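All values derive from a computational prediction rather than experimental measurement. Note that these values count all heavy atoms, side chains included, but never hydrogens, waters or copies made by symmetry. When a residue number appears, it is its place in the shown sequence, counting from 1.
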Amino acid sequence: MTTTTPVDPTPHTTSPTPDGNAPSPTLDDRITGTLVGAAVGDALGGPVEGWTPEQIVERHGGRVRGIVGPWHEDWRTARPIAPYHKGDGHVTDDTLMTHALVRVYEAVRDHLDAYAIAEHLVPDLMTIPRWIPELEADALPLQRIFLAEKWIVTRLHYAHADPREAGNGNIVNCGAAMYMAPVGLVNAGNPAGAYAEALDVTGAHQSSYGREAAGVFAAAVAAACVPGATAASVVETALSLAKDGTRAAIAAVCEVAARHRDFESALAPLRAAVAPYDSVGPDYRAPSLGARRPSRLHSIEELPVALGMLLVADGCYETSVLGAVNYGRDCDSIATMAGAIAGALSGGAAVPPAWADRVAEASRLDLHAPAAALASVTREVFARDRARRHTHEAAFATLTAPR
């Protein structure tokens, strides 16, 4: 686990950016922007997940521009949606898992590793009933999360696998990446530390390019917290850390994204750019036989497209998220990631209050409480990091002192 000291998150009011013109969001504001922004993106993308841009236009009479209702009016029985109420401002498992990871940080109050997932996240998923918006009922989170996330419980609780290796054998998808924003925030301003911590944490969940994407997404959130950061600087940081197919996919998508200034014109080109690296194939609901298997050549689709939409929008929250939503396919996770990074760049004010309020009310969630809790934990972790760094410096000084 890295102990590199991140940017000092001491509480402060808005401070000037390097050009001296606009205030820079505080740590608390960026954490709020990230977590609220991710949840709102998730809720906007949920009802159109799995469909194509063309199908979305046909269903909604144009591009989605805000919160919409379920794809099927008979969502309780309609396949493949049943029994989930996707739409009307309901968050999905992306947000449920993100908030669960925040609770793990609240318990540990330090950097996390794969053992923290076994000791804290697994019991949270399988023993504590919570309100599940899509089920409109109190239930165990385990009853809502996807099979790739149920794998954590199977491997760690029932199979007693080594937490650092439990992710091996799971399907490779975005399941680990989608909830890694808290790791980026605890390492705010320290992308390399976020990358290393996320790789350690997700050893319990994923392998291969699914785990790699989790590290890069956490790093992107941490990079977005650097004062003066831009969409371009976030992408540059992601490329500096990403490996293999993940790096190649991000580079290909962002090269194309740089030629567009509106998401409408970017939808098809971004899909074409990521397609060679995406193992799922053209039919999202009928993956190819080679889908979701470990590979050094492939990448999950969600992270490169989220970064691409961030570039197209030049970091603007609304445009980043709406581009991700209207892209279709796994757009709730794409919008979760795009919303998290854009929220980290600009702070909580960037997230339209009407969207955030409606999502909070519809999902029966306090979207700000996890942010306040994580901000407190982040300061504690920074203090521990600083103390550890000072101990290291003192030891090194003694070791290298002239004799």
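Counted by atom type alone, Gln55 and Thr52 present one or more donor-acceptor pairs between their side chains at under 3.5 Å. Checked by atom type, the side-chain pair Thr92/Asp94 shows a donor-acceptor distance below 3.5 Å. In the model, Ser265 has a side-chain atom that pairs as donor or acceptor with a side-chain atom of Asp262 under 3.5 Å.
Within the 4.5 Å cutoff, side-chain heavy atoms of Arg384 are placed close to those of Arg109. When side chains are defined from C-beta on, Glu149 does not count as touching Leu142, because their heavy atoms never get closer than 4.5 Å. Between Pro370 and Leu365, every side-chain heavy-atom pair lies at or beyond the 4.5 Å cut-off.
Under the 30°/60° scheme for interplanar angles, the aromatic rings of His60 and Trp71 are found to stand perpendicular. The aromatic rings of His160 and His157 lie tilted to each other, with the angle between the two planes from 30° to 60°. Taking the six-membered ring for Trp and thresholds of 30 and 60 degrees, His85 and Trp75 have nearly parallel ring planes, at less than 30 degrees apart.
Listed by chain and number, the residues in a side chain to side chain donor-acceptor pair (under 3.5 Å) with Arg103 are Asp124 (sequence neighbours excluded).
Salt bridge status for Arg329 with Asp278: present, with a side-chain N to carboxylate O gap under 4.0 Å. Ion pairing of Arg271 with Glu301 is present here, as a side-chain N (NZ or NE/NH1/NH2) and a carboxylate O approach within less than 4.0 Å. A salt bridge links Asp110 with Arg388: the closest approach of a Lys/Arg side-chain nitrogen to an acidic carboxylate oxygen falls below 4.0 angstrom. Using a cut-off of 4.0 Å between Lys/Arg side-chain N and Asp/Glu carboxylate O, Glu136 and Arg76 are scored as salt-bridged.
Residues His205 and Tyr179 place their aromatic rings such that the two centres sit under 6.0 Å apart.
Counting only residues at least two apart or on different chains, the side-chain hydrogen bond (donor to acceptor under 3.5 Å, both in side chains) pairs with a member in residues 166-177 are Asn173-Gln206.
Between Asp113 atom CG and Glu197 atom CD the span is 8.5 Å, to the nearest 0.5 Å. Taken from CG in Leu374 to OG1 in Thr34, the straight-line distance is 9.0 Å, to the nearest 0.5 Å. Of the inter-residue distances, the one linking Tyr195 atom OH with Lys243 atom NZ reads 3.5 Å to the nearest 0.5 angstrom. Here CD1 of Ile145 is found 9.0 Å from CG of Leu96. Values are rounded to the nearest 0.5 Å.
Counting heavy atoms of neighbouring residues, nucleotides and ligands inside a 6.0 Å radius, atom CZ of Arg164 does not exceed 12 of them.
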- Message: I'd like to know whether Ile117 forms a side chain to side chain contact (heavy atoms under 4.5 Å, CB included) with Val201, so could you lay out the CA-CA distance, the side-chain angles of the two residues, the decisive distance to 0.1 Å, and finally the verdict.
- Response: CA-CA 7 Å; Ile117 301 304; Val201 166; 3.6 Å; yes
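In this structure, Arg144 is positioned above the aromatic face of Tyr84, its NZ or CZ under 6.0 Å from the six-membered ring centre and within 45° of the axis.
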